[in-house]
Q: 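One structure, pasted below without further comment.
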Amino acid sequence: MTIHEALGIGAVAIATIGYVPYFRDVLQGRTKPHATSWLLWGLLAGIAFLGQISGNAGSGAWVTGFTAVMSLVVFVLSLFKGTRDVVLADWFSLAGAGIALVLWYLTSDPLLSVAISTVINALAFFPTFRKSWRRPQEETVVMYFLSGLKFVLALLSLQTVSLLTTLFPLSLVLMNWLFVALLLVQRRRTDGQPALAARLAA
């Protein structure tokens, strides 16, 4: 086993560990995933996975493919246990995912599709960011932290380093850890509001 393969396996292992508390919290009703975000994340990770494979990413693509599958599983679960409020921006994001697939088919340019998917994937965080700004307790922080970490390992496990193979995982390190920061800040702010209200009422 090469070092790249070991890191690729490590990335998938971290991803698996991260999903365990997430599924537990969803099934217990503590976490409410946004259906639109998870559908988009599944579709876009699938596009990025195919792009990485065409760019000879090797073991560095394993966790992207795994993420695509697990995101679609969470999407199905979110239809029963999550949030489905859809706004206009969500529809634009879904349309963008379709455009990325069509452009790849028409141009045979995986880099173009991966670049579009990366941008749309960042936009796909919008429904979850919007929900979590108001209700930060409805997400599992550790899963998003580990999601960023797994893509750090994925970057280190790439067997071919290029813009095609690095763009998508690098963006997910940034987006996941920004989301962790938002959750922690909003939880601290909202947790302090009841105490402030009690002091003002006293």
Side-chain angles (χ1 to χ4, degrees), residues 1-27 31 33 37-78 97 100-101 103-105 107-125 128 139-181:
M1 180 185 297
T2 67
I3 184 63
H4 292 97
E5 291 171 340
L7 288 168
I9 292 171
V12 173
I14 288 174
T16 303
I17 292 169
Y19 282 114
V20 170
Y22 192 79
F23 280 120
R24 178 203 63 206
D25 288 351
V26 170
L27 292 172
T31 289
S37 285
W38 284 97
L39 173 60
L40 282 166
W41 289 335
L43 294 174
L44 296 168
I47 294 170
F49 172 70
L50 295 174
Q52 286 183 310
I53 292 298
S54 70
N56 299 314
S59 53
W62 294 349
V63 76
T64 307
F66 181 77
T67 298
V69 173
M70 295 306 294
S71 295
L72 293 175
V73 171
V74 175
F75 162 68
V76 173
L77 192 58
S78 70
L101 284 169
L103 285 175
W104 190 349
Y105 177 77
T107 65
S108 299
D109 185 353
L111 178 58
L112 177 61
S113 287
V114 168
I116 294 171
S117 297
T118 299
V119 172
I120 298 169
N121 191 72
L123 295 176
F125 265 90
T128 296
E139 285 294 346
T140 304
V141 176
V142 67
M143 196 277 291
Y144 290 95
F145 173 77
L146 291 176
S147 288
L149 182 59
K150 76 186 179 187
F151 281 110
V152 171
L153 288 186
L155 287 165
L156 295 174
S157 66
L158 289 170
Q159 292 173 311
T160 299
V161 178
S162 66
L163 185 60
L164 174 60
T165 60
T166 60
L167 183 60
F168 189 78
L170 187 61
S171 72
L172 280 174
V173 173
L174 177 63
M175 293 306 299
N176 277 289
W177 285 353
L178 278 175
F179 187 55
V180 167

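Keep in mind that what you see is a predicted model, and the values were worked out from it rather than measured.
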Q: For F168 and I47, run side chain to side chain contact (heavy atoms under 4.5 Å, CB included): C-alpha distance rounded to whole Å, both residues' side-chain angles, the deciding distance at 0.1 Å, then the answer.
A: CA-CA 10 Å; F168 189 78; I47 294 170; over 6 Å; no
Q: Compare every heavy atom of T67 with every heavy atom of K150, then report the nearest pair and how far apart it is.
A: NZ-OG1, 3.0 Å
Q: What are the two closest heavy atoms between N176 and G148, and how far apart are they?
A: CB-N, 3.8 Å
Q: How long is the straight-line distance from CG of L43 back to CZ of F75, given to the nearest 0.5 Å?
A: 8.5 Å
Q: Carefully, step by step, assess L153 and V63 under the rule side chain to side chain contact (heavy atoms under 4.5 Å, CB included).
A: CA-CA 9 Å; L153 288 186; V63 76; over 6 Å; no
Q: Can you tell if the side chain of D25 reaches within under 4.5 Å of the side chain of M143, non-hydrogen atoms only?
A: no
Q: In Å and rounded to the nearest 0.5 Å, what is the CG to CG distance from L111 to L163?
A: 5.0 Å
Q: To the nearest 0.5 angstrom, please state how far the OG atom of S71 sits from the CG atom of L44.
A: 9.5 Å
Q: From W41 CH2 over to L72 CG, what is the distance, rounded to the nearest 0.5 angstrom?
A: 12.5 Å
Q: Testing T64, T166, T165 for side chain to side chain donor-acceptor pair (under 3.5 Å) with Q52, which one passes?
A: T64
Q: Which pair of non-hydrogen atoms, one from E5 and one from W62, has the smallest distance, and what is that distance?
A: O-CZ3, 3.7 Å
Q: For E139 and F179, run side chain to side chain contact (heavy atoms under 4.5 Å, CB included): C-alpha distance rounded to whole Å, both residues' side-chain angles, the deciding distance at 0.1 Å, then the answer.
A: CA-CA 10 Å; E139 285 294 346; F179 187 55; 3.9 Å; yes
Q: Side chain of T160, backbone of N56: donor and acceptor closer than 3.5 Å?
A: yes
Q: Closest approach of P33 and V74, non-hydrogen atoms and distance?
A: CB-CG1, 4.0 Å
Q: Taking atom types as modelled and ignoring hydrogens, do the side chains of T118 and S171 form a donor-acceptor contact shorter than 3.5 angstrom?
A: no
Q: Which heavy atom in L158 sits nearest to a heavy atom in G60, and how many Å separate them?
A: CD2-CA, 3.7 Å
Q: Walk me through whether M175 and Y144 qualify under side chain to side chain contact (heavy atoms under 4.5 Å, CB included).
A: CA-CA 9 Å; M175 293 306 299; Y144 290 95; over 6 Å; no
Q: Hey, what do you get for CG (L146) to CD1 (I17), rounding to the nearest 0.5 Å?
A: 7.0 Å
Q: For the pair F145 and W177, name the ring-plane relationship: parallel under 30°, tilted 30 to 60°, perpendicular over 60°.
A: parallel
Q: Sort out for me which residue in T31, L77, T140 forms a side chain to side chain contact (heavy atoms under 4.5 Å, CB included) with F23.
A: L77
Q: Tell me whether S59 contacts the main-chain N or O of S157 through its side chain, where contact means a donor paired with an acceptor under 3.5 Å.
A: yes
Q: Taking atom CD1 of I9 and atom CD1 of I14, what is their separation to the nearest 0.5 Å?
A: 12.5 Å
Q: Which atom names give the shortest non-hydrogen contact between V142 and P21, and what distance separates them?
A: CG1-CG, 3.8 Å
